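In this chain, numbering begins with 1 at the start of the sequence shown. Nothing here was measured: the structure is a model prediction, and the numbers come from that model. FYI, side chains are in, hydrogens and waters are out, and symmetry mates aren't considered; it's all heavy atoms of this structure.
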Amino acid sequence: MYQVVPGGAGGTITDVIPKQKHSKDTRPLVGAGVIGLVLVIAAVTAWCYYIASLRKAELLKTQLLDLNKDGYIIRNQGGSIVFRMDFRSGTLDLDSCSKEGEILSCGHTTDRKLNFFIETVRPKDTVQCYRVRWEELVPDIPVEHAMTYKFAHWYGGAVSAIQHWPISISGQQAPKPFVTSDIYSNRNEFGGILESYWLSSNATAIKINNSVPFHLGWNDTEKTMSFQARYSDSPFKPNPGEAPCAELSYRVCVGLDVTSIHKYMVRRYFNKPNKVPAKVMFRHPIWSTWALHKTDIDQEKVLAYASNIRKHNFNCSHLELDDRYTSRYGEFEFDSIKFPNASAMFQKLKSDGFLVSLWIHPFVNYDSENFHTCVQRGLFVREPTGRLPALVRWWNGIGGILDFTNPEARDWFSSQLRSLRSRYGVSSFKFDAGETNYLPWKFSTRTPIRDPSFFTRRYTEMAIPYNDRAELRSGYQSQNISCFFRPIDRDSVWGYELGLKSLIPTVLTISILGYQFILPDMIGGNAYLNRTDGNRVLPDRELYIRWLELSAFMPSMQFSIPPWEYDNEVVEIARKYTALHESIVAPRVLELAGEVLDTGDPIIRPLWWIATGDETAYKIDSQFLIGDDLMVAPVLEPGKQERDIYLPAGRWRSYKGERFDIKEPLHLTDYPVDLDEIAYFVWV
């Protein structure tokens, strides 16, 4: 109860205000207020975290690439994922990442420091590239990134014993050194021509930097290819004085279509030839003694072989005298027993219109007179300490291998070749071997090399003075040697393992790697015992004919087993296709060869070259293009006189005179192709 007392003018004074007691009904209101305050704080915190997350997400994006702690993805302009790379050597600490301009960099994984960055480069409106680098700061820690290949068909890398187009991956392989190897004797290794470059049907390409100690592996269950950099348990070496800290660096580029992105990559990253080999090499076949006589060659057989070429009215760009014209390997004098008068033989061949090239190799066997000379002068590759020459085993024995990083060894080898040329008039040389598998696992050279395949490059340089007619079977960064490259020896079989079916995939792969002057080895294969269908002395007759027909549409032709070893019909078919090669194929190839000097574009092209969005064209491995306007579809199966043919959209005229004016691709099922025919179509 309140008591009011009169006070001053117009007002009252409260004398006593008693305390009120809170009832139980008011307590929930206080609790609700506290909860509300907590919710407001939580909401503000969540909002701040959300804003920070957006900023972090924006930070970890650069153009069409999204980075996360375990890898990154790249999208095309349409938003579809075209490339995915997972980090297998560590998890990024995203709090250590920052972005400055077009460079996104990180300084830590979850357990160590590193240097990592992705830089966005836009070299042209239609191409987006990303430079990626992961550098370890602690020695002997490998760097491994795993590329998912399931999004597209992939091409490139290296030739292989079992060659498919596109690349077909089976099984699992831990990363192993990506170096040149002789796949005839080491069929599970990478081949003698290789580049660390891959191209996909979804217009994405990746080029590993040449400085990387690069190892390649794969897993067909995960659908991944593993790109690894390491120095431990590896033939790769760091630069002298540097710690073995691995670095994996590469570029990924995305374009509008597979053809245009490949053109960009070739122009940007590959060496290019600086001249075209002798035109006659494109027009007339080479004739080699190898498959016919193997090492059982002598003066009489060489002259008889040349005589038969003329007798049967065949042209010849040059006659190739193969292994073994010397008494020991590593010597440069003709065996006086097998070749009692080599000078007279060369004079006779010259008078009959034959130029002659000689088989050569980088080995000097221990029983050769030159072995002691090379040891004394320090011309061999040496064991790791550099004190002793390293002995190596190759297919013709044991000896030293010349160190082509050593100027003295180069000069000595070159002087031997010049002597053969001046003494006998030798036109050129077939440079055999050169792969790194013939080096010791650990070795030293006069000029230290980080990458063993650089030895291959140095060896191929020995062919430069003879590149008009020279022939190489190994190559690494060697596109500018400007001579013919041939795949490793083929067996006289039909299949994909070094057989007839492997020829188109192999030539397409070599072309994609930037080697355009291609000699597709000997017609019919090498007729090796136990590696010839039917175990015959000669390749199967039908196989030989189909091989001949296919070779007629390659940049150059090479005979060894001559057609007259079969019958008159085979001789007539051979005359028909050497004439067709000279009249139809060679002029096109020579025109394209001139363009190679500027563009590096393939002479032999896959069908997708002119059908960039055609899923079927991405998978065809038994047809090819010469340029853009001549398509070839050989028969590659035994007992077949028909085949299915895929015609891309366009206006085509067949070799039979049929015309196809089609707006959509066309399948020709069971198209008849007689034994003496090969199907080809010209763009009208």
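Screening I510, V276, T599, I603 for a side-chain contact (heavy atoms from CB on, under 4.5 Å) with Q516, the sole residue that qualifies is I603. Considering W198, Y155, Y197 as possible partners of H262, the one that fulfils the ring-ring contact (aromatic ring centres under 6.0 Å, His included) test is Y197.
The aromatic rings of F429 and F431 stand perpendicular to each other, their planes meeting at an angle above 60°, with 30° marking the opposite boundary.
Here the two rings, on F363 and Y329, have centers that are 6.0 Å apart or farther. In summary, the aromatic rings of F227 and F214 are positioned with their centroids under 6.0 Å apart. The aromatic ring centroids of W154 and Y149 lie 6.0 Å or more from each other. Annotation: H145 is in aromatic contact with F87 [ring centroid separation under 6.0 Å]. Here the two rings, on Y459 and F404, have centers that are under 6.0 Å apart. The distance between the ring centers of Y438 and W394 does not fall below 6.0 angstrom.
Note: Q128 CD to I261 CD1 = 10.0 Å, rounded to the nearest 0.5 Å.
Residues R473 and Y184 bring no donor and acceptor atom of their side chains to less than 3.5 Å of each other. A donor-acceptor pair shorter than 3.5 Å cannot be found between the side chains of W165 and Q163.
At least one side-chain heavy atom of L402 sits under 4.5 Å from a side-chain heavy atom of C374. With a 4.5 Å cut-off on side-chain heavy atoms, V381 and F455 count as touching.
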